[in-house]
Q: 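Questions regarding the structure given below will be posed in turn.
All residue numbers in this chain count up from 1 along the given sequence.
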Amino acid sequence: MAGVRVYELAKDLGISSGQLMSTLKDMGVEVSSHASSLDAATADLVKEMLASEKAPAVSVKTVEIGPGVSVRELAEGLGAGPADVQRKLVELGVLASINQEIGADVAQKVAEQYGYAVKVTHKREHKEERTLRPQPKQKHGPRTIMRPPVVTIMGHIDHGKTTLLDTIRKTNVTEQEFGGITQHIGAYQVDVNGRKITFLDTPGHEAFTAMRARGASVTDIAVLVVAADDSVMPTTIEAIDHARAANVPIIVAINKIDKDNANVERTKQQLAEQDLVPEEWGGETITVSISAKQGTGIEELLEMILLVAEMAELKGEASGAVQGSIIEAKLDRGKGPVATALINKGTLKVGLPVLAGQAYGKIKAMLDDKGQRVTKAGPATPVEILGLSTVPLAGDQIISVSDEKEARLIAEARIQESRSDRMAASQRVTLEDLYRQIREGSVKDLNVILKADVQGSLEAVRQSMEQLATDEVRVRMIHTGVGAISESDILLASASNAIVMGFNVKVHPEAQRAAELEKIEVRVYQVIYELLNDVRAAMVGMLEPVFEEIELGKAEVRRIFKLPGGGKIAGCYVTEGKVLRGSEMRVRRGQEVVYTGKLDSLKHIKEDAREMAAGYECGIMADGFNDFQEGDIIESYSQKQVARAL
């Protein structure tokens, strides 16, 4: 190495130029700048010296924790006793039982005292999924078969979805079979000229989308029901948007053509305005005119469904590992957890161990949509299953596993993860992010569903409500509309934690019953100022409470008395004001606050006392705190909430 510059050598050694120049100075080598040149001998000497001085790398001990970790788990990770960890927590002003979870920030402070670096995993990567042992490989690869299409019927609430579903079942199932149906399992199959169609009986596009949100994209075709005597309603447009978002083909069933005021051409025109141009108009949308009540056009509709399915060449793997989706689930008093599953891949069989969300178990029995026991179910087949440990959620994926023990371990891991995530989310809101949210002007939302008699009133009321917003709380309109308050408004309010308000409108009886069942508050007004006053009062109730601290008195700890059970009583002398039993208390040790909580026990000599004034001696105990020391100052105080206004 000839003529190497200082900064080049420093880079080669992995140190700064300043450090290298300091080393050279100690060696008696004078350099003027980091660009100075060094001869090869000097450079080699520096490298040898630094290599000999370099200490062996010290491996840093790390402990990995989730957003929330129990005291016991933290102690195990640190190789310490739970009691020792609890003492460390007390020093930090945190009281926690062995099984109680603490936040990641607190756990990090404790770990540092044991010489550990902490790695916090805020978002888990579903590690338990990687523990699934692979299913045995097929000798000849998966067996692929043509499967039935899965169809969801959507549309406006009064346009005949339920009637259409009932008619399809009655016309395609024999009377004996139909009479034998003992339960409704959320999905069923019909037979059309030897070919099957699977129908999902969902309450509407909301449930359809809720399942999609949970990963259950099970629908192949959407049938949109539109009444010919009505028009394309807002709910119809919503259904179209939901079907398009799912990227499934839409077949339009124009219903109620038997009515005198039916206008099929007008309905097609309205559909074309939503980019659903009928085939006979040069578009790509299949439309079928039907009367669900009289059974007219039903066979043609089913043929169109099979035609679209045939063009899509729907196939399924009948062998290999089982995968499916939970359509609905419930807890039956006689059967236990019961779930309706739609199989996507593989063949589900009785006795097979499965995992569905946080539920697991061996399939004890399976029933088809007619209530008949079956032993297996292939792709696109709906089946009711018994034998799960608990009730899964609609949209959960059901998969086959190697054995029931493996399924149980994974389900328990999922339950623990869900509990930790909920606690972590709570702690992030109440502890870690509180100051940041206040500083950034984070606001609370008062969710409202507003109905009015006419559009003009609706806009006026809406604007007036939104103008009440402050930096802390605002009105968030979940839904607005013209007309009476309906049952769908109540269901939407239940799903979005909203209140329902009406201006010059009535409440449908079924909506009133639903509100009582769902415990949704519904208020109707005739005067806008009364409505705004109630909204303002609700917003005031959402404001963060402000408390004013009222100092009551102080006492000095002069002696510590130990109790037989291990507790301690602080023998105190009241120096200022008075101390009250049941008041808030704060223990100061110098400038540090070591405990904040309730003053649970106050005694004078051996008698219980309600309060002790200055100049008197007393004994004080606090539930959950035993670490009193002589010289501690106990402050007794109360908190008074200050009224707030917008």
Q: By side chain to side chain contact (heavy atoms under 4.5 Å, CB included), which residues pair with T285, not counting sequence neighbours?
A: V252, L276, T287
Q: What's the separation between atom CD in Q189 and atom OG1 in T198, rounded to the nearest 0.5 Å?
A: 3.5 Å
Q: Applying side-chain contact (heavy atoms from CB on, under 4.5 Å), run through V223 and I305 and close with a yes or a no.
A: CA-CA 9 Å; V223 173; I305 291 173; 4.0 Å; yes
Q: Who are the side chain to side chain donor-acceptor pair (under 3.5 Å) partners of T296, not counting sequence neighbours?
A: none
Q: Quick one: does D166's side chain have a donor or acceptor within less than 3.5 Å of a partner on T163's backbone?
A: no
Q: Please enumerate all residues that pass side chain to side chain contact (heavy atoms under 4.5 Å, CB included) together with E510, with sequence neighbours excluded.
A: E487, H508, R513
Q: Could you pull out every donor-acceptor pair under 3.5 Å between side chains of residues 254-262 and any protein atom, sequence neighbours left out?
A:
from: N255; atom 1: OD1; to: A292; atom 2: N; distance (Å): 2.9
from: N255; atom 1: ND2; to: H159; atom 2: O; distance (Å): 3.0
from: K256; atom 1: NZ; to: D158; atom 2: O; distance (Å): 2.8
from: D258; atom 1: OD1; to: S291; atom 2: OG; distance (Å): 2.9
from: K259; atom 1: NZ; to: D229; atom 2: OD2; distance (Å): 3.4

Q: So, do Q358 and P392 sit near enough that their side-chain heavy atoms are less than 4.5 Å apart?
A: no
Q: Does E521 use its side chain to pair, donor to acceptor, with the backbone of I499 at less than 3.5 Å?
A: no
Q: How long is the straight-line distance from CD of Q323 back to CG of L342, given to the nearest 0.5 Å?
A: 12.5 Å
Q: Strictly distance-based, threshold 3.5 Å: is any side-chain N or O of T152 a donor or acceptor partner for the main-chain N or O of A222?
A: no
Q: With the threshold set at 4.0 Å, does a side-chain nitrogen-carboxylate oxygen contact exist between R408 and E412?
A: yes
Q: For residues L301 and L164, determine if any side-chain heavy atom of one lies less than 4.5 Å from a side-chain heavy atom of the other.
A: yes
Q: Look up atom OG1 in T375 and atom CG in L348, then write down how far apart they are to the nearest 0.5 Å.
A: 10.5 Å
Q: Can you name the nearest heavy-atom pair linking A493 to V500, along with the distance?
A: CB-CG2, 3.6 Å
Q: E384 vs V338, test: side-chain contact (heavy atoms from CB on, under 4.5 Å). Steps then yes/no.
A: CA-CA 7 Å; E384 187 176 83; V338 177; 3.2 Å; yes
Q: Taking only residues at least two apart or on different chains, which pairs with a member in residues 146-156 satisfy salt bridge (Lys or Arg N to Asp or Glu O under 4.0 Å)?
A: R147-D220
Q: Distance check, rounded to the nearest 0.5 Å: K362 atom NZ versus E404 atom CD?
A: 6.0 Å
Q: Any side-chain to backbone donor/acceptor pair from S494 onto L491? Under 3.5 Å, distance only.
A: no
Q: For M146, give me all partners under side chain to side chain contact (heavy atoms under 4.5 Å, CB included), at least two apart in sequence or on another chain.
A: K315
Q: Run through V322, V354, L355, N344 and flag the one making a side-chain contact (heavy atoms from CB on, under 4.5 Å) with I399.
A: L355
Q: Using the side chain to side chain donor-acceptor pair (under 3.5 Å) criterion, which residues pair with Q274? Sequence neighbours excluded.
A: none
Q: Could you tell me if the side chain of V151 sits less than 4.5 Å from the side chain of L200, heavy atoms only?
A: no
Q: Are the side chains of L367 and V374 in contact, using a 4.5 Å heavy-atom criterion?
A: no
Q: Would you please test I153 and V225 for side-chain contact (heavy atoms from CB on, under 4.5 Å) and show each step?
A: CA-CA 7 Å; I153 296 182; V225 181; 3.5 Å; yes
Q: Taking salt bridge (charged side-chain N to carboxylate O under 4.0 Å, His left out) as the test, write out the residues that go with E516, two or more places apart.
A: none
Q: Where is the tightest heavy-atom contact between P148 and P379, given as atom of each residue plus distance?
A: CD-O, 3.8 Å
Q: Check side chain to side chain donor-acceptor pair (under 3.5 Å) between T267 and all other residues, then give those that pass, not counting sequence neighbours.
A: none
Q: Is any side-chain heavy atom of I410 closer than 4.5 Å to a side-chain heavy atom of Y360?
A: no
Q: Begin from the C-alpha positions of L352 and V401 and carry the test side-chain contact (heavy atoms from CB on, under 4.5 Å) through to its verdict.
A: CA-CA 8 Å; L352 194 67; V401 291; over 6 Å; no
Q: May I have all residue pairs that pass salt bridge (Lys or Arg N to Asp or Glu O under 4.0 Å) and include part of residues 269-284, sequence neighbours excluded?
A: K268-E280
Q: Would you give the length of the straight line joining atom CD1 of I197 to atom CG of D191, rounded to the nearest 0.5 angstrom?
A: 9.0 Å
Q: Does any part of the side chain of V248, heavy atoms only, come nearer than 4.5 Å to the side chain of I221, both counted from C-beta?
A: no
Q: State whether the side chain of E406 and the backbone N or O of S402 hold a donor-acceptor pair below 3.5 Å, judged by distance alone.
A: yes
Q: If the condition is side chain to side chain contact (heavy atoms under 4.5 Å, CB included), which residues does T480 pass it with, not counting sequence neighbours?
A: L450, L458, R462, M477
Q: So which atom in I449 and which in A498 form the shortest heavy-atom distance, rounded to 0.1 Å?
A: CG1-CB, 4.3 Å
Q: Are D489 and H479 packed together at the side-chain level, in the sense that at least one heavy-atom pair is separated by less than 4.5 angstrom?
A: yes
Q: If I take atom CG from residue L386 and atom CE from residue M366, how far apart are they, to the nearest 0.5 angstrom?
A: 10.5 Å
Q: List for me each residue that meets side chain to side chain donor-acceptor pair (under 3.5 Å) alongside E303, sequence neighbours excluded, and say none if there are none.
A: N193
